2 protein chains.
Amino acid sequence: MNEVTQLDAAFAALAHPARRAILARLAQGEATVNELAEPFEMSLPAVSKHIRVLEGANLITRARNAQFRPCTLNAAPLAAVAEWTEQYRHIWDVRFDTMTEILKDLEGK
Amino acid sequence: MNEVTQLDAAFAALAHPARRAILARLAQGEATVNELAEPFEMSLPAVSKHIRVLEGANLITRARNAQFRPCTLNAAPLAAVAEWTEQYRHIWDVRFDTMTEILKDLEGK
DNA sequence: AAGTTAATTAATCAAGTGGTTAAATAATGC
DNA sequence: GCATTATTTAACCACTTGATTAATTAACTT
């Protein structure tokens, strides 16, 4: 619905390195909470909370399989973030400016 | 230096709609605090704090000009965010998968 | 039924966020 | 020097975040 709050939640969720690491792991396939928690030093409840934040931002979806709750990556909010960021690309992408100048030069002749 | 905390700060700063609006304004050229505050209903100190967060994430740089402190957009963290996000593009970009399949088909023949 | 494994909830805590109003600082212009 | 304009700092408040340990729920295994 609201594009703004969707982006708010996505950006906020991505602001923590543990959550970005969890997403990186999920990019290679679904994983359970324990699997996701394994690389971290923090407690399981802490990881559980991070997962909840990611879920709240719709960055992951959770299923049920016996006592496991496998998580899968959800692309849509990442696409929204990419789309938002792309609108600023011309600011840092020097090649962009160079290219448009070259094209203008060519048209001018 | 530390790539992770740089991204942390950038994502956290981008998580607030007012701060994204400020960046959008600065994308069109430098502006003073009062100019940046004008579209918002919140108080000037509140805007000042948002600006400080953006500065902390290195998303803007501040100069001095008499009693004004003009802000300018800083592209580097946005580029870092874009780069981070791009690594997930293949997950949502269906055209990517379609394209690679087409290429595989062509090679197979 | 009892034990094990997976995950969440509860209670707690310190620190951070986002906002306010009121006061202070900085620089300009008369 | 004094008033004005631009901006920040201070003090405060409610709420959220990120973490902990201990307890609980859920589902499988024997």
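These numbers come from a predicted model, not from an experiment. Below, read A as the first sequence line, B as the second, and so on, with proteins coming before strands; counting in each chain starts at 1.
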Requested in this report: By nearest nucleotide on DNA chain D, pick out whichever of Arg62(B) and Pro45(A) is the more 5' one.
Outcome: Arg62(B)

Requested in this report: Determine, using the 4.5 Å side-chain heavy-atom cutoff (strictly less than), whether Leu59(B) and Val47(B) are members of one ILVMFWY cluster.
Outcome: yes

Report summary line: Which of dA7(C), dA27(C), dT7(D) is nearest the side chain of Phe68(A)? It is dA7(C)

Query raised in the report: Which nucleotide, dT20(D), dT28(C), dT8(D), lies nearest any side-chain atom of Ala66(B)?
Result: dT28(C)

Report task. Ignoring backbone atoms, test whether His50(A) places a side-chain nitrogen or oxygen under 4.0 Å from the OP1 or OP2 oxygen of dA19(D). Result -> yes

Query - Ring geometry between Phe11(A) and Trp84(A) (parallel below 30°, tilted from 30 to 60°, perpendicular above 60°) - result: perpendicular

Query raised in the report: Nearest to the side chain of Val33(A), which nucleotide is it out of dG18(C), dA27(D), dT8(C)?
Result: dT8(C)

Report task. Check whether any side-chain nitrogen or oxygen of Arg52(A) sits under 4.0 Å from OP1 or OP2 of dT9(C), and answer yes or no. Result -> yes

Query raised in the report: Is there a donor-acceptor pair closer than 3.5 Å between any side-chain N or O of Thr85(A) and the backbone N or O of Val81(A)?
Result: yes

Query raised in the report: Closer to the 5' end of DNA chain D via nearest nucleotide, is it Arg19(A) or Asn65(A)?
Result: Arg19(A)

Query raised in the report: Does Arg64(B) have a side-chain nitrogen or oxygen under 4.0 Å from the phosphate oxygens OP1 or OP2 of dA27(C)?
Result: yes

Requested in this report: Return yes if some donor-acceptor pair links the side-chain N/O of Glu35(A) with the main-chain N/O of Thr32(A) below 3.5 Å, else return no.
Outcome: yes

Report summary line: Side-chain atoms of Ser48(B) come closest, of dA7(C), dT8(D), dA27(D), to dT8(D)

Query raised in the report: dT20(C) phosphate, OP1 or OP2: any side-chain N/O from Ser43(B) under 4.0 angstrom?
Result: yes

